[in-house]
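Scroll down for the structure; my scribbles are underneath it.
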Amino acid sequence: MTKVLVVDDEISIASAIAYALRREGHTVETAGDGQEALDRVESFDPDVMVLDVMMPKLSGYDVCRRLGDRQRPAVLLLTVKDDIVDKVLGLELGADDYMTKPFDMRELIARVKALSRRSRPHETAEPAASPEKLVRLAGLSINLLSRTVHADDKQLELTPKEFDLLALLARNPERVFSREDLLEQVWDMGFAGGTRTVDIHVQRLRKKLGDWHDVIQTVYGIGYKSTENPS
């Protein structure tokens with residue numbers, strides 16, 4: 001059962017989202033501002049957070065910053081802004097998806113469902129993956145079924161987008177992906193521009209990979225690739 005935290009200072013919106021998600025079988029709690037949201041993350045431990053950007057005390061962006069790299073829920077940002085700069089900023093701060101108000105409730109439910117499958121799938125996945133679901137890259141073992149990554153037998157804590165990025169590169173060793181390719185395939189963002197979010201995610205992913213950070217290599221002037229023979 002997916003646990004969803006809905007954060008919005010407009011009570012009517014938070015209540016409507018919570019009602020719709022509960023009807024779909026999700027366990028839902030609400031928060032009215034950013035600080036309360038952080039407190040609920042600690043006590044409720046949600047799988048997905050539907051997070052409004054414009055709120056008192058702490059904005060949705062501030063919440064994303066304070067979540068940091070610890071175990072965190074998948075984040076769906078909501079905002080009245082439709083500027084691509086605001087969208088990219090949210091993604092750079094670790095958000096996994098983005099919707100502009102007003103939104104279609106059916107689409108929001110579908111996106112929450114998709115994020116819930118990517119946030120903690122190991123709780124329902126089979127304990128072992130078939131060979132075609134297990135990708136090995138240098139010292140990394142990437143389980144596409146449970147969406148887990150082990151480096152030298154140590155499990156890494158990756159966000160859903162970090163996993164998607166690593167999995168795409170690892171399934172295609174030595175293939176060069178432009179930043180625009182990665183935006184389209186990992187973030188479903190079909191536009192040229194805003195590619196800094198790719199660089200930010202690669203930087204964070206490399207940090208988490210530790211000794212194996214070199215499996216992701218920069219192809220200058222183009223983008224990135226993975227390699228089975230890091231330097």
Side-chain angles (χ1 to χ4, degrees), residues 1-121 123-124 159-164 183 186-191 194 197 200-201:
M1 183 178 295
T2 303
K3 296 194 294 184
V4 184
L5 177 61
V6 178
V7 188
D8 199 306
D9 61 318
E10 295 187 52
I11 298 176
S12 60
I13 294 178
S15 298
I17 295 173
Y19 175 76
L21 292 173
R22 289 186 181 114
R23 289 194 62 181
E24 295 295 316
H26 301 296
T27 300
V28 184
E29 289 192 7
T30 61
D33 60 63
Q35 185 57 59
E36 186 181 1
L38 291 173
D39 294 339
R40 292 291 178 86
V41 167
E42 294 292 338
S43 61
F44 181 48
D45 191 25
D47 302 304
V48 178
M49 179 160 54
V50 180
L51 179 64
D52 186 35
V53 169
M54 304 301 293
M55 292 186 298
K57 297 185 180 178
L58 294 174
S59 70
Y61 296 143
D62 291 329
V63 171
C64 286
R65 289 189 184 95
R66 297 198 182 192
L67 285 173
D69 288 332
R70 64 185 174 179
Q71 181 66 37
R72 58 187 291 164
V75 177
L76 170 61
L77 280 180
L78 299 178
T79 181
V80 295
K81 296 183 178 181
D82 197 22
D83 192 320
I84 197 62
V85 173
D86 294 302
K87 183 174 184 178
V88 170
L89 175 60
L91 296 172
E92 289 177 354
L93 292 173
D96 299 283
D97 203 353
Y98 191 105
M99 291 186 70
T100 305
K101 295 179 179 179
F103 53 84
D104 183 280
M105 189 66 74
R106 292 168 297 181
E107 181 181 358
L108 183 143
I109 290 171
R111 294 196 184 196
V112 168
K113 184 177 180 180
L115 288 175
S116 69
R117 288 197 300 265
R118 289 182 288 174
S119 59
R120 294 180 182 174
E123 296 179 357
T124 56
T159 67
K161 288 302 182 187
E162 288 168 352
F163 179 88
D164 291 340
L183 276 174
V186 176
W187 282 270
D188 297 323
M189 296 167 64
F191 65 89
T197 192
I200 293 293
H201 277 73

Exercise. Is a side-chain donor or acceptor of Arg111 paired with a backbone partner of Tyr98 at a separation under 3.5 angstrom?
Worked result: yes

Rounded to the nearest 0.5 angstrom, the CG-CG distance for Asp96 and Leu51 is 11.5 Å

With sequence neighbours left out, the residues meeting ring-ring contact (aromatic ring centres under 6.0 Å, His included) with His201 are Trp187

CG (Leu115) and NZ (Lys161) are apart, to the nearest 0.5 Å, by 7.5 Å

Within 6.0 Å of CZ in Phe103, more than 12 heavy atoms from elsewhere
yes

Residues pairing under salt bridge (charged side-chain N to carboxylate O under 4.0 Å, His left out) where one sits in residues 18-31, two or more places apart or in two chains, turn out to be Glu29-Arg40

Output for pair (Met55 CE, Asp52 CG), nearest 0.5 Å, gives 5.5 Å

Those residues at least two apart in sequence (or on a different chain) that pass side-chain contact (heavy atoms from CB on, under 4.5 Å) with Met54 are Lys81

So NZ of Lys57 and CG of Asp33: to nearest 0.5 Å the spacing works out to 4.5 Å

Check residues 5-12 and write down every donor-acceptor pair under 3.5 Å in which the side-chain atom is one partner and the other belongs to a residue at least two apart or another chain.
from	atom 1	to	atom 2	distance (Å)
Asp8	OD1	Glu10	N	2.8
Asp8	OD2	Lys101	NZ	2.8

Would you please test Thr2 and Thr27 for side chain to side chain contact (heavy atoms under 4.5 Å, CB included) and show each step? CA-CA 6 Å; Thr2 303; Thr27 300; over 6 Å; no

Heavy-atom nearest pair, Val4 first then Phe44, reads O-CE2, 3.5 Å

Separation between CG (Leu78) and CD1 (Ile17), nearest 0.5 Å, reads 5.5 Å

Sorted by chain and residue number, the side-chain contact (heavy atoms from CB on, under 4.5 Å) partners of Asp62 (sequence neighbours excluded) come out as Leu58, Ser59, Arg65

Nearest heavy-atom contact between Pro73 and Pro46 is CB-O, 3.4 Å

*asked:* Between Val50 and Met99, is there a side-chain heavy-atom distance shorter than 4.5 Å?
replied: no

Residues Thr30 and Ala14: closest non-hydrogen pair is CG2-O, 4.2 Å

Report task. Show your reasoning for whether side chain to side chain contact (heavy atoms under 4.5 Å, CB included) applies to Leu76 and Leu108. Result -> CA-CA 9 Å; Leu76 170 61; Leu108 183 143; 4.1 Å; yes

Output for pair (Asp104 CG, Ile109 CD1), nearest 0.5 Å, gives 8.5 Å

Closest non-hydrogen contact found for Leu77 with Cys64 is CD2-SG, 4.4 Å

Query raised in the report: Is Asp47 reaching over with its side chain to a backbone N or O of Lys3, donor-acceptor style, under 3.5 angstrom?
Result: yes

